[in-house]
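Report on one structure; see the data block that follows.
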Amino acid sequence: MTVWRDLVGQEPTVETLSRAVRAEASMTHAWLFTGPPGSGRSTAARAFAAALQCPEGGCGECRECRTALDGSHADVKVVATEGLSIQVRDTRDLVQESALRPSVGRWRVIIIEDADRLTERAADALLKALEEPTPRTVWMLCAPSLEDVIITIRSRSRHVRLRTPSVHAVAELLERRDGVDAPMALHAARAAQSHIGLARRLARDEGARIRRRDVIAMATKIVGVGDAVDAAADLAQIADEESTASTAERDAAERSRLLETLGADPTARTQPPHIRSQLAALEKEQRTRATRHARDMVDRSLVDLMSVYRDALVVRLGSNVDLINPDAIDRVRSLGAVFSAEQLLRCLDAITEARERINANVPPLLALEAMALQLRVPRDLNL
Ligand SMILES: [Zn+2]
């Protein structure tokens, strides 16, 4: 057992990080982890933090390792934003904290999971700490790609790039770590296109599998304009359902915890002004979180939808590449039959454009409708 066990398919990264743990000369105070979503950026950062704290260099068993991995180590701080951005006030607190010596561990580690969500001012505030590093403090920033982080931060950090793990590596992890049976693990890893977190959810949650299947089925069902409008509405609704399911319970818990902290009566119909303003602030934060979450869900559905056109293109071109949706082969074949390669590429472009527009704050339904209109098939495929 080692701290690196859950970091699958990333041998070069493990090698680099273990070397830094073994030899302090190759240690740096700022690291930047990049890699596609679900490849294990934050898993890598946490494992690295654990290895740095562990007297054995990352045994995976001792108290230091366990607490660093589960996020409860006193000297390992993990910042994961739920909002759309990380604000300057949040970074200022971190910078102050980073100036302190480690309290129990060998290093003080600060992991920022979504460094791509730092606002410009927040990044500037952070920069000061990176320019004048405190001796036993290590910053670990995670982002999808180098371009997502401002250049001044990039140039002061050491870069570690994670790759997309193979489908088989992800399936093996699901079997070993989560006890998923082999055929399901393989199906989920393939359908999630090696996104580890998503694969785990598909393997364990039937609702998620059904929602994915519904999205895949859309590709062959859009014939007329009415179908396109319906498909767009369905996509938006699937995202909303998924988002509400996962946030409602948490929102309510946060609210009662806040009222408890303020010593208010949770059953009272109206609250005194100072409590109302606190509640309003919390609700605002929760709305921001819900927006981000719903947007992430739409994006995920669009990635699923793209996979059908990608498969159809593979079939159309007769490429010798594994399909992402072998279980939807009929759909894939019919799409490959009614569309030329060029048209399939155009469908993929339409989906990419919708993703970009939603990312740029265009209302999702609007972007989805424009997209769905471009995905119309020439006739009913009866699937
Ligand atoms: Zn250990």
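Every number for a ligand or one of its atoms is a count from 1 in the order of the listing.
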Residues in side chain to side chain donor-acceptor pair (under 3.5 Å) contact with R176, at least two apart in sequence or another chain: E172
Inter- and intrachain pairs under ring-ring contact (aromatic ring centres under 6.0 Å, His included), touching residues 160-214, at least two apart: none
Greater than 12 external heavy atoms within 6.0 Å of R161's CZ: no
CZ (R22) with more than 12 external heavy atoms under 6.0 Å: yes
ring-ring contact (aromatic ring centres under 6.0 Å, His included) against W31, all qualifying residues, sequence neighbours excluded: F48
Protein N/O/S neighbour count - the Zn ion (ligand 1), strictly under 2.8 Å: 4
Minimum side-chain heavy-atom gap M184-L174 below 4.5 Å: no
